[in-house]
> 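First, the structure itself, so that you have it in front of you.
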Amino acid sequence: MRGTRFRPPAPEPLARPPDIFTFLKGARANPLSTWTRAHFEEPIIVSEGVLGHVAVLSDPAAIRHVLVDHAENYRKDDLQRRVLAPGLGEGLLTAEGDAWRRQRRALAPLFTPKTVATFQAPMREAAERLARRLRRRGEGREVNMALEMTRVTLDVLERTIFTHGLARDPDALSRAITRYFEAIGPIDPLDVFGLPDWIPRLRRLRARPALRFFDEIVDELIEARKSLLARGGEAPRDLLTLLLEATDPQTGQGLSDLEVKANVVTFIGAGHETTANALSWAIYLVSQAPDVRERLESEVDAAGPEAPLSALPYARAVMEEAMRLYPPVPFMSRAAVAEDRVAGFRIPKGSLVMIAPWVLHRHRRLWEDPDGFDPARFLPGRRETIDRFAYLPFGAGPRVCIGAAFSLQEAVTVLARVAAEARFELRPGHAVMPVHRVTLRPSGGLPMTLRLRGWVSSSCGRRRE
(Lines give C-alpha, C1' and ligand atoms only; values in the text may rest on other atoms or scores of the structure.)
Protein backbone atom coordinates (compact mmCIF):
# COMPACT_ATOMS: atom_id res chain seq x y z
CA MET A 1 0.00 0.00 0.00
CA ARG A 2 2.84 2.37 0.85
CA GLY A 3 4.11 2.29 -2.72
CA THR A 4 0.76 3.45 -4.11
CA ARG A 5 0.48 6.59 -2.00
CA PHE A 6 0.41 9.87 -3.84
CA ARG A 7 3.54 11.93 -3.27
CA PRO A 8 2.62 15.55 -3.92
CA PRO A 9 5.04 18.07 -5.41
CA ALA A 10 7.58 19.96 -3.35
CA PRO A 11 10.88 21.74 -4.11
CA GLU A 12 13.83 19.37 -4.04
CA PRO A 13 15.99 20.01 -0.93
CA LEU A 14 19.49 21.30 -1.59
CA ALA A 15 22.46 18.98 -1.18
CA ARG A 16 24.40 21.64 0.73
CA PRO A 17 23.76 25.08 2.25
CA PRO A 18 23.51 27.85 -0.38
CA ASP A 19 25.87 30.79 -0.53
CA ILE A 20 24.54 34.21 0.46
CA PHE A 21 23.51 35.26 -3.06
CA THR A 22 21.78 31.95 -3.81
CA PHE A 23 20.01 32.13 -0.45
CA LEU A 24 18.72 35.65 -1.02
CA LYS A 25 17.59 34.81 -4.55
CA GLY A 26 15.83 31.65 -3.39
CA ALA A 27 14.30 33.31 -0.34
CA ARG A 28 12.80 36.01 -2.53
CA ALA A 29 11.44 33.60 -5.15
CA ASN A 30 10.28 30.82 -2.83
CA PRO A 31 11.84 30.27 0.62
CA LEU A 32 10.91 26.58 0.45
CA SER A 33 13.73 26.19 -2.08
CA THR A 34 16.41 27.17 0.47
CA TRP A 35 16.08 24.16 2.81
CA THR A 36 18.75 21.46 2.60
CA ARG A 37 18.53 17.68 2.91
CA ALA A 38 20.16 17.91 6.33
CA HIS A 39 17.25 19.98 7.64
CA PHE A 40 14.91 17.05 6.93
CA GLU A 41 17.28 14.55 8.54
CA GLU A 42 18.91 16.20 11.57
CA PRO A 43 16.95 17.17 14.72
CA ILE A 44 18.82 20.44 15.24
CA ILE A 45 21.03 22.46 12.92
CA VAL A 46 22.99 25.42 14.27
CA SER A 47 24.81 27.79 11.95
CA GLU A 48 26.21 31.29 11.51
CA GLY A 49 25.18 33.28 8.47
CA VAL A 50 23.51 36.37 7.09
CA LEU A 51 20.82 36.11 9.81
CA GLY A 52 23.42 35.74 12.57
CA HIS A 53 23.41 32.76 14.93
CA VAL A 54 20.56 30.54 13.79
CA ALA A 55 19.18 27.33 15.30
CA VAL A 56 16.67 25.32 13.25
CA LEU A 57 14.74 23.00 15.55
CA SER A 58 13.03 19.80 14.41
CA ASP A 59 13.32 18.00 17.72
CA PRO A 60 9.94 17.91 19.54
CA ALA A 61 11.52 18.23 22.99
CA ALA A 62 13.56 21.25 21.89
CA ILE A 63 10.50 22.84 20.31
CA ARG A 64 8.55 22.34 23.53
CA HIS A 65 11.43 24.00 25.42
CA VAL A 66 11.21 27.12 23.23
CA LEU A 67 7.45 27.43 22.71
CA VAL A 68 6.20 26.26 26.13
CA ASP A 69 8.67 25.66 28.93
CA HIS A 70 10.76 28.80 28.33
CA ALA A 71 8.40 30.77 26.10
CA GLU A 72 9.12 33.97 28.06
CA ASN A 73 12.69 33.88 26.73
CA TYR A 74 11.68 33.75 23.08
CA ARG A 75 9.86 36.66 21.46
CA LYS A 76 8.75 37.11 17.86
CA ASP A 77 11.77 38.20 15.91
CA ASP A 78 12.18 41.52 14.09
CA LEU A 79 12.07 39.97 10.60
CA GLN A 80 8.56 38.59 11.15
CA ARG A 81 7.38 41.83 12.66
CA ARG A 82 8.77 43.89 9.75
CA VAL A 83 6.80 41.72 7.34
CA LEU A 84 3.50 41.45 9.22
CA ALA A 85 3.06 44.48 11.48
CA PRO A 86 2.66 47.14 8.73
CA GLY A 87 -0.44 45.35 7.47
CA LEU A 88 -1.82 43.55 10.50
CA GLY A 89 -1.08 46.21 13.11
CA GLU A 90 -0.57 45.39 16.77
CA GLY A 91 -3.20 42.66 17.03
CA LEU A 92 -2.89 39.28 18.66
CA LEU A 93 -0.61 37.92 15.93
CA THR A 94 2.04 40.63 16.18
CA ALA A 95 1.71 42.22 19.65
CA GLU A 96 4.26 41.42 22.36
CA GLY A 97 4.56 41.56 26.14
CA ASP A 98 1.77 42.98 28.28
CA ALA A 99 -0.21 44.19 25.26
CA TRP A 100 -0.31 40.66 23.88
CA ARG A 101 -1.22 39.08 27.25
CA ARG A 102 -4.07 41.55 27.81
CA GLN A 103 -5.48 40.95 24.32
CA ARG A 104 -5.15 37.19 24.66
CA ARG A 105 -7.09 37.17 27.93
CA ALA A 106 -9.79 39.42 26.47
CA LEU A 107 -10.21 37.39 23.28
CA ALA A 108 -10.02 33.88 24.74
CA PRO A 109 -13.80 33.69 25.46
CA LEU A 110 -14.51 34.36 21.77
CA PHE A 111 -12.94 31.05 20.79
CA THR A 112 -14.06 28.59 23.43
CA PRO A 113 -15.41 25.28 22.06
CA LYS A 114 -18.94 26.35 23.03
CA THR A 115 -18.67 29.65 21.15
CA VAL A 116 -17.00 28.10 18.11
CA ALA A 117 -19.76 25.47 17.90
CA THR A 118 -22.34 28.24 17.45
CA PHE A 119 -20.64 29.19 14.18
CA GLN A 120 -21.07 25.81 12.49
CA ALA A 121 -24.50 26.72 11.11
CA PRO A 122 -23.25 29.79 9.20
CA MET A 123 -20.26 27.73 8.05
CA ARG A 124 -22.68 25.16 6.61
CA GLU A 125 -24.62 27.95 4.90
CA ALA A 126 -21.44 29.21 3.23
CA ALA A 127 -20.53 25.67 2.16
CA GLU A 128 -24.00 25.16 0.71
CA ARG A 129 -23.72 28.40 -1.21
CA LEU A 130 -20.45 27.11 -2.70
CA ALA A 131 -22.18 23.85 -3.67
CA ARG A 132 -24.92 25.80 -5.48
CA ARG A 133 -22.26 27.86 -7.25
CA LEU A 134 -20.55 24.70 -8.47
CA ARG A 135 -23.85 23.27 -9.73
CA ARG A 136 -24.51 26.47 -11.65
CA ARG A 137 -21.08 26.20 -13.24
CA GLY A 138 -22.14 22.84 -14.63
CA GLU A 139 -20.66 19.47 -15.43
CA GLY A 140 -17.33 19.57 -17.25
CA ARG A 141 -16.60 23.26 -16.66
CA GLU A 142 -13.16 24.39 -15.52
CA VAL A 143 -13.03 26.02 -12.10
CA ASN A 144 -10.10 27.59 -10.25
CA MET A 145 -10.63 25.83 -6.94
CA ALA A 146 -8.02 27.95 -5.17
CA LEU A 147 -10.14 30.99 -5.99
CA GLU A 148 -13.32 29.19 -4.93
CA MET A 149 -11.74 28.38 -1.57
CA THR A 150 -10.88 32.04 -1.00
CA ARG A 151 -14.49 32.92 -1.82
CA VAL A 152 -16.06 30.38 0.52
CA THR A 153 -13.76 31.25 3.45
CA LEU A 154 -14.50 34.94 2.98
CA ASP A 155 -18.20 34.03 2.93
CA VAL A 156 -17.70 32.26 6.27
CA LEU A 157 -16.05 35.36 7.70
CA GLU A 158 -18.88 37.55 6.44
CA ARG A 159 -21.37 35.27 8.22
CA THR A 160 -19.41 35.00 11.47
CA ILE A 161 -17.50 38.27 11.91
CA PHE A 162 -19.73 40.87 10.25
CA THR A 163 -23.13 39.30 9.68
CA HIS A 164 -24.68 42.57 8.49
CA GLY A 165 -22.53 42.07 5.40
CA LEU A 166 -19.96 44.08 3.52
CA ALA A 167 -20.71 47.48 2.08
CA ARG A 168 -18.43 46.59 -0.82
CA ASP A 169 -17.90 43.73 -3.24
CA PRO A 170 -16.59 40.69 -1.29
CA ASP A 171 -14.58 39.56 -4.34
CA ALA A 172 -12.80 42.92 -4.30
CA LEU A 173 -11.84 42.35 -0.68
CA SER A 174 -10.62 38.85 -1.51
CA ARG A 175 -8.48 40.21 -4.33
CA ALA A 176 -7.06 42.89 -2.03
CA ILE A 177 -6.08 40.27 0.55
CA THR A 178 -4.42 38.14 -2.13
CA ARG A 179 -2.53 41.12 -3.58
CA TYR A 180 -1.41 42.12 -0.10
CA PHE A 181 0.11 38.72 0.71
CA GLU A 182 1.63 38.47 -2.77
CA ALA A 183 3.27 41.86 -2.28
CA ILE A 184 4.66 41.35 1.21
CA GLY A 185 5.46 37.65 0.77
CA PRO A 186 8.86 37.82 -0.96
CA ILE A 187 11.61 38.27 1.60
CA ASP A 188 13.31 41.65 1.16
CA PRO A 189 17.11 41.70 1.56
CA LEU A 190 16.76 45.03 3.38
CA ASP A 191 14.78 43.22 6.09
CA VAL A 192 17.20 40.30 6.18
CA PHE A 193 20.09 42.68 6.84
CA GLY A 194 18.05 44.61 9.41
CA LEU A 195 18.26 47.97 7.68
CA PRO A 196 16.05 50.78 9.11
CA ASP A 197 12.34 50.84 8.30
CA TRP A 198 12.59 54.36 6.86
CA ILE A 199 14.42 52.93 3.83
CA PRO A 200 11.64 52.23 1.29
CA ARG A 201 10.78 48.59 0.57
CA LEU A 202 9.41 47.99 -2.91
CA ARG A 203 7.07 45.26 -1.66
CA ARG A 204 5.51 47.61 0.90
CA LEU A 205 4.95 50.25 -1.76
CA ARG A 206 3.23 47.64 -3.92
CA ALA A 207 1.07 46.54 -1.00
CA ARG A 208 -0.19 50.03 -0.17
CA PRO A 209 -3.23 50.19 -2.50
CA ALA A 210 -4.52 46.81 -1.32
CA LEU A 211 -3.82 47.69 2.30
CA ARG A 212 -5.58 51.06 1.97
CA PHE A 213 -8.66 49.37 0.49
CA PHE A 214 -8.53 46.73 3.22
CA ASP A 215 -8.30 49.39 5.94
CA GLU A 216 -11.23 51.37 4.56
CA ILE A 217 -13.50 48.33 4.60
CA VAL A 218 -12.57 47.41 8.16
CA ASP A 219 -13.03 51.01 9.36
CA GLU A 220 -16.51 51.11 7.77
CA LEU A 221 -17.51 47.83 9.42
CA ILE A 222 -16.33 48.87 12.88
CA GLU A 223 -17.86 52.33 12.76
CA ALA A 224 -21.22 50.99 11.57
CA ARG A 225 -21.32 48.41 14.37
CA LYS A 226 -20.22 50.89 17.05
CA SER A 227 -22.91 53.29 15.89
CA LEU A 228 -25.53 50.54 16.10
CA LEU A 229 -24.45 49.56 19.61
CA ALA A 230 -24.37 53.20 20.74
CA ARG A 231 -27.97 53.66 19.56
CA GLY A 232 -29.03 50.61 21.52
CA GLY A 233 -29.84 48.72 18.36
CA GLU A 234 -30.00 44.95 18.31
CA ALA A 235 -26.58 43.83 17.12
CA PRO A 236 -25.82 40.29 15.95
CA ARG A 237 -23.76 38.19 18.35
CA ASP A 238 -20.98 37.74 15.84
CA LEU A 239 -17.24 38.08 16.34
CA LEU A 240 -17.28 41.83 15.63
CA THR A 241 -19.76 42.52 18.43
CA LEU A 242 -17.89 40.16 20.74
CA LEU A 243 -14.63 41.96 19.95
CA LEU A 244 -16.11 45.36 20.73
CA GLU A 245 -17.50 44.05 24.03
CA ALA A 246 -14.43 41.99 25.02
CA THR A 247 -12.72 42.88 28.30
CA ASP A 248 -9.63 41.62 30.06
CA PRO A 249 -10.94 39.54 33.00
CA GLN A 250 -8.02 40.65 35.17
CA THR A 251 -8.30 44.40 34.63
CA GLY A 252 -11.80 44.88 33.19
CA GLN A 253 -10.18 46.90 30.41
CA GLY A 254 -11.58 46.60 26.90
CA LEU A 255 -9.67 46.72 23.64
CA SER A 256 -8.70 50.08 22.20
CA ASP A 257 -10.07 51.11 18.81
CA LEU A 258 -6.71 50.34 17.23
CA GLU A 259 -6.61 46.90 18.86
CA VAL A 260 -10.13 46.08 17.69
CA LYS A 261 -9.18 47.10 14.16
CA ALA A 262 -5.88 45.17 14.26
CA ASN A 263 -7.64 42.00 15.34
CA VAL A 264 -10.43 42.31 12.77
CA VAL A 265 -7.73 42.77 10.12
CA THR A 266 -5.90 39.72 11.50
CA PHE A 267 -9.03 37.56 11.48
CA ILE A 268 -9.92 38.59 7.93
CA GLY A 269 -6.42 38.62 6.48
CA ALA A 270 -4.41 35.92 8.21
CA GLY A 271 -7.32 33.68 9.19
CA HIS A 272 -9.06 33.81 5.81
CA GLU A 273 -5.84 33.27 3.87
CA THR A 274 -4.59 30.28 5.88
CA THR A 275 -7.89 28.38 5.87
CA ALA A 276 -8.44 29.01 2.16
CA ASN A 277 -4.99 27.63 1.36
CA ALA A 278 -5.45 24.58 3.60
CA LEU A 279 -8.70 23.78 1.80
CA SER A 280 -7.12 24.32 -1.61
CA TRP A 281 -4.40 21.80 -0.81
CA ALA A 282 -6.94 19.31 0.55
CA ILE A 283 -9.03 19.54 -2.65
CA TYR A 284 -5.91 19.03 -4.77
CA LEU A 285 -4.62 16.08 -2.73
CA VAL A 286 -7.98 14.29 -2.76
CA SER A 287 -8.22 14.76 -6.53
CA GLN A 288 -4.93 12.89 -6.93
CA ALA A 289 -5.72 9.97 -4.62
CA PRO A 290 -8.78 7.93 -5.75
CA ASP A 291 -8.72 5.68 -2.67
CA VAL A 292 -8.82 8.70 -0.37
CA ARG A 293 -11.57 10.33 -2.44
CA GLU A 294 -13.74 7.20 -2.30
CA ARG A 295 -13.36 6.83 1.45
CA LEU A 296 -14.11 10.51 2.00
CA GLU A 297 -17.20 10.35 -0.21
CA SER A 298 -18.49 7.26 1.62
CA GLU A 299 -18.15 9.03 4.96
CA VAL A 300 -19.84 12.28 3.96
CA ASP A 301 -22.64 10.46 2.11
CA ALA A 302 -23.39 8.34 5.19
CA ALA A 303 -23.12 11.26 7.62
CA GLY A 304 -25.39 13.67 5.72
CA PRO A 305 -25.25 17.47 5.35
CA GLU A 306 -26.08 18.29 8.99
CA ALA A 307 -23.45 15.98 10.49
CA PRO A 308 -21.43 17.26 13.45
CA LEU A 309 -17.65 17.14 13.16
CA SER A 310 -17.58 14.07 15.39
CA ALA A 311 -19.30 12.15 12.55
CA LEU A 312 -16.58 13.14 10.05
CA PRO A 313 -13.32 11.67 11.41
CA TYR A 314 -11.94 10.87 7.97
CA ALA A 315 -12.73 14.33 6.59
CA ARG A 316 -10.89 15.79 9.58
CA ALA A 317 -7.98 13.40 8.99
CA VAL A 318 -7.79 14.54 5.34
CA MET A 319 -7.60 18.16 6.46
CA GLU A 320 -4.94 17.40 9.06
CA GLU A 321 -2.84 15.46 6.56
CA ALA A 322 -3.21 18.30 4.04
CA MET A 323 -1.90 20.71 6.69
CA ARG A 324 0.96 18.34 7.45
CA LEU A 325 2.14 18.23 3.85
CA TYR A 326 1.30 21.87 3.14
CA PRO A 327 1.22 23.74 6.47
CA PRO A 328 -0.68 27.05 6.05
CA VAL A 329 2.15 28.86 7.86
CA PRO A 330 5.31 26.98 6.87
CA PHE A 331 7.74 28.88 9.07
CA MET A 332 7.89 30.58 12.45
CA SER A 333 10.81 32.09 14.29
CA ARG A 334 11.74 33.51 17.64
CA ALA A 335 14.57 35.70 18.98
CA ALA A 336 16.29 34.67 22.20
CA VAL A 337 15.88 37.37 24.86
CA ALA A 338 18.68 35.90 26.98
CA GLU A 339 21.25 33.15 26.55
CA ASP A 340 19.89 29.64 26.85
CA ARG A 341 20.74 26.00 26.17
CA VAL A 342 18.48 23.85 24.02
CA ALA A 343 19.14 20.11 23.75
CA GLY A 344 22.77 20.72 24.64
CA PHE A 345 23.26 23.54 22.14
CA ARG A 346 24.21 27.03 23.32
CA ILE A 347 21.72 29.68 22.19
CA PRO A 348 23.33 33.13 22.62
CA LYS A 349 21.22 36.17 23.38
CA GLY A 350 19.72 37.55 20.16
CA SER A 351 19.94 34.21 18.33
CA LEU A 352 17.28 33.40 15.77
CA VAL A 353 15.45 30.17 16.59
CA MET A 354 13.54 28.75 13.63
CA ILE A 355 10.74 26.19 13.76
CA ALA A 356 9.56 25.34 10.27
CA PRO A 357 6.43 23.19 10.01
CA TRP A 358 7.33 22.68 6.34
CA VAL A 359 10.48 20.86 7.50
CA LEU A 360 9.13 19.42 10.74
CA HIS A 361 6.10 17.81 9.08
CA ARG A 362 8.30 16.05 6.50
CA HIS A 363 11.18 15.13 8.81
CA ARG A 364 12.66 11.69 8.25
CA ARG A 365 13.08 10.96 11.97
CA LEU A 366 9.53 11.83 12.92
CA TRP A 367 7.25 10.45 10.22
CA GLU A 368 6.74 7.19 8.42
CA ASP A 369 6.69 7.83 4.67
CA PRO A 370 6.93 11.59 5.31
CA ASP A 371 6.34 12.62 1.69
CA GLY A 372 3.32 10.37 1.13
CA PHE A 373 -0.32 11.49 1.36
CA ASP A 374 -1.82 9.24 4.05
CA PRO A 375 -4.80 10.73 5.96
CA ALA A 376 -5.15 7.49 7.97
CA ARG A 377 -2.21 8.55 10.12
CA PHE A 378 -4.57 11.09 11.74
CA LEU A 379 -7.40 8.67 12.49
CA PRO A 380 -8.13 7.62 16.09
CA GLY A 381 -5.68 4.95 17.15
CA ARG A 382 -2.82 6.36 15.09
CA ARG A 383 -3.33 10.06 15.81
CA GLU A 384 -2.31 9.49 19.44
CA THR A 385 1.16 8.26 18.39
CA ILE A 386 2.06 11.64 16.86
CA ASP A 387 4.15 13.79 19.20
CA ARG A 388 2.34 17.03 20.03
CA PHE A 389 5.42 19.01 19.01
CA ALA A 390 6.01 17.15 15.75
CA TYR A 391 2.84 18.57 14.22
CA LEU A 392 2.33 22.32 14.41
CA PRO A 393 -0.18 23.61 11.84
CA PHE A 394 -1.40 26.15 14.40
CA GLY A 395 1.76 26.53 16.48
CA ALA A 396 1.94 25.64 20.16
CA GLY A 397 2.36 27.11 23.61
CA PRO A 398 0.96 30.44 24.83
CA ARG A 399 0.94 31.81 21.27
CA VAL A 400 -0.86 28.88 19.70
CA CYS A 401 -3.35 30.15 17.11
CA ILE A 402 -6.41 31.27 19.05
CA GLY A 403 -8.64 30.48 16.07
CA ALA A 404 -7.40 26.90 15.54
CA ALA A 405 -10.70 25.22 16.47
CA PHE A 406 -12.65 27.76 14.38
CA SER A 407 -10.42 27.16 11.35
CA LEU A 408 -10.50 23.36 11.58
CA GLN A 409 -14.28 23.31 12.04
CA GLU A 410 -14.69 25.57 9.01
CA ALA A 411 -12.30 23.55 6.85
CA VAL A 412 -13.88 20.17 7.65
CA THR A 413 -17.38 21.55 7.11
CA VAL A 414 -16.49 22.96 3.68
CA LEU A 415 -14.46 19.92 2.59
CA ALA A 416 -17.29 17.53 3.49
CA ARG A 417 -19.86 19.55 1.54
CA VAL A 418 -17.62 19.88 -1.52
CA ALA A 419 -16.83 16.14 -1.47
CA ALA A 420 -20.55 15.36 -1.34
CA GLU A 421 -21.19 17.57 -4.38
CA ALA A 422 -18.33 17.10 -6.82
CA ARG A 423 -15.06 15.58 -7.93
CA PHE A 424 -12.24 17.51 -9.55
CA GLU A 425 -9.67 16.76 -12.23
CA LEU A 426 -6.57 18.90 -12.52
CA ARG A 427 -6.11 20.55 -15.90
CA PRO A 428 -3.77 18.32 -17.94
CA GLY A 429 -0.25 19.70 -18.00
CA HIS A 430 -0.81 22.16 -15.14
CA ALA A 431 2.20 21.98 -12.80
CA VAL A 432 1.30 22.39 -9.14
CA MET A 433 4.01 23.72 -6.84
CA PRO A 434 3.77 25.27 -3.36
CA VAL A 435 5.11 28.79 -2.98
CA HIS A 436 5.78 30.43 0.38
CA ARG A 437 4.24 33.91 0.55
CA VAL A 438 3.83 34.31 4.34
CA THR A 439 1.29 31.50 3.91
CA LEU A 440 1.66 28.49 1.62
CA ARG A 441 -0.33 28.62 -1.60
CA PRO A 442 -0.38 26.70 -4.90
CA SER A 443 1.48 28.75 -7.47
CA GLY A 444 -0.77 29.52 -10.44
CA GLY A 445 -3.95 28.43 -8.68
CA LEU A 446 -5.79 25.14 -9.16
CA PRO A 447 -7.54 24.99 -12.56
CA MET A 448 -9.73 21.90 -12.27
CA THR A 449 -12.48 20.29 -14.33
CA LEU A 450 -15.72 19.96 -12.41
CA ARG A 451 -17.37 16.53 -12.26
CA LEU A 452 -20.67 16.81 -10.45
CA ARG A 453 -21.48 13.69 -8.48
CA GLY A 454 -24.81 12.11 -9.33
CA TRP A 455 -24.48 12.90 -13.01
CA VAL A 456 -24.36 9.91 -15.35
CA SER A 457 -24.16 9.51 -19.08
CA SER A 458 -27.20 8.33 -21.00
CA SER A 459 -28.29 8.27 -24.59
CA CYS A 460 -30.13 11.50 -23.89
CA GLY A 461 -27.01 13.29 -22.63
CA ARG A 462 -26.47 14.14 -18.98
CA ARG A 463 -29.08 13.63 -16.33
CA ARG A 464 -29.23 13.82 -12.55
CA GLU A 465 -29.36 10.48 -10.75
Side-chain angles (χ1 to χ4, degrees), residues 111-135 145 148-149 151-161 163 237-239 271-272 274-287 289-324 328 373-384 393-394 403-424 450-455 464-465:
F111 293 96
T112 62
K114 182 178 180 181
T115 303
V116 169
T118 66
F119 295 126
Q120 187 162 16
M123 290 173 180
R124 287 196 187 110
E125 292 167 3
E128 181 58 38
R129 183 179 179 187
L130 169 61
R132 291 196 301 270
R133 191 158 61 242
L134 294 176
R135 288 197 296 272
M145 287 307 293
E148 290 298 333
M149 293 304 99
R151 286 173 173 166
V152 71
T153 52
L154 188 58
D155 192 5
V156 168
L157 289 182
E158 189 169 355
R159 295 168 188 270
T160 57
I161 294 185
T163 52
R237 303 304 296 169
D238 57 15
L239 284 173
H272 155 74
T274 53
T275 307
N277 287 333
L279 274 163
S280 297
W281 288 117
I283 295 292
Y284 165 69
L285 290 165
V286 169
S287 77
D291 57 326
V292 172
R293 188 201 69 216
E294 290 169 8
R295 186 169 179 178
L296 175 62
E297 289 174 354
S298 295
E299 179 180 85
V300 300
D301 290 349
E306 300 297 318
L309 262 61
S310 59
L312 298 167
Y314 195 69
R316 175 174 176 143
V318 169
M319 281 308 314
E320 292 198 284
E321 177 71 342
M323 291 189 292
R324 181 187 72 84
F373 176 48
D374 179 20
R377 72 176 92 229
F378 286 98
L379 288 175
R382 289 182 62 186
R383 178 70 169 82
E384 293 77 11
F394 299 107
F406 182 101
S407 178
L408 188 58
Q409 176 176 285
E410 173 186 2
V412 174
T413 299
V414 172
L415 177 65
R417 186 64 190 88
V418 170
E421 187 66 31
R423 296 173 181 173
F424 304 92
L450 178 62
R451 301 298 182 196
L452 293 171
R453 293 185 63 206
W455 285 77
R464 192 74 169 172
E465 276 185 336

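One-based numbering along the sequence shown. Computation of the quantities below employed the complete heavy-atom set of this structure, encompassing side-chain atoms and omitting hydrogens, waters and symmetry-equivalent molecules. Here the structure is a predicted model, which is why all the values come from computation and not from measurement.
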> Check this for me, if you would: do D291 and R295 make a salt bridge, where the nitrogen-to-carboxylate-oxygen distance has to be below 4.0 angstrom?
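Looking at D291 and R295, the cut-off is not met.
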> Salt bridge check: are D374 and R382 linked by an N-O gap of less than 4.0 Å?
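A salt bridge is present here (some side-chain N lies under 4.0 Å from a carboxylate O).
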> For atom CZ of R383, is the number of surrounding heavy atoms from other residues, nucleotides or ligands below 6.0 Å larger than 12?
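Result for CZ/R383: enclosed.
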> Which residue in the set E306, E125, E297, E128 passes salt bridge (charged side-chain N to carboxylate O under 4.0 Å, His left out) when paired with R417?
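Exactly one candidate clears the test, E128.
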> With a 3.5 Å cut-off and sequence neighbours excluded, list the donor-acceptor pairs that the side chains of residues 404-414 form with protein atoms.
unit_1 : atom_1 : unit_2 : atom_2 : d
S407   : OG     : T275   : OG1    : 2.8
Q409   : NE2    : V116   : O      : 2.9
T413   : OG1    : Q409   : O      : 2.7

> Verify the neighbour count for atom CZ of R159: are there more than 12 heavy atoms of other residues, nucleotides or ligands below 6.0 Å?
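Correct, the count exceeds 12.
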> Identify the heavy atoms of A416 and L312 that sit nearest to each other, and give their distance.
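Closest pair (atom of A416, atom of L312, distance): CB-CD1, 3.9 Å.
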> Report the C-alpha distance between N277 and M149 in whole Å, list the side-chain angles of each, state the deciding distance to 0.1 Å, and finish with yes or no for side chain to side chain contact (heavy atoms under 4.5 Å, CB included).
CA-CA 7 Å; N277 287 333; M149 293 304 99; over 6 Å; no
> Check the pair L239, F111 against side chain to side chain contact (heavy atoms under 4.5 Å, CB included), reporting the backbone distance first and the verdict last.
CA-CA 9 Å; L239 284 173; F111 293 96; 4.3 Å; yes
> Which distance, rounded to the nearest 0.5 Å, do you find between the CD of E158 and the OG1 of T153?
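Answer for the CD-OG1 pair, E158 versus T153, is 12.0 Å.
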> Test side chain to side chain contact (heavy atoms under 4.5 Å, CB included) on L130 and V418 and set out the steps.
CA-CA 8 Å; L130 169 61; V418 170; 3.4 Å; yes
> Run the ring-ring contact (aromatic ring centres under 6.0 Å, His included) test against F424 and tell me which residues pass, sequence neighbours left out.
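Here no residue qualifies.
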> Run the side chain to side chain contact (heavy atoms under 4.5 Å, CB included) check on V292 and Y314 step by step: do they pass?
CA-CA 9 Å; V292 172; Y314 195 69; 3.6 Å; yes
> Output yes when E320 and R324 qualify as a salt bridge under the 4.0 Å nitrogen-oxygen rule, no when they do not.
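No salt bridge links E320 with R324.
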> When you measure from the side chain of R124 to the backbone N and O of A307, does any donor-acceptor pair fall under 3.5 Å?
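It does hold such a pair.
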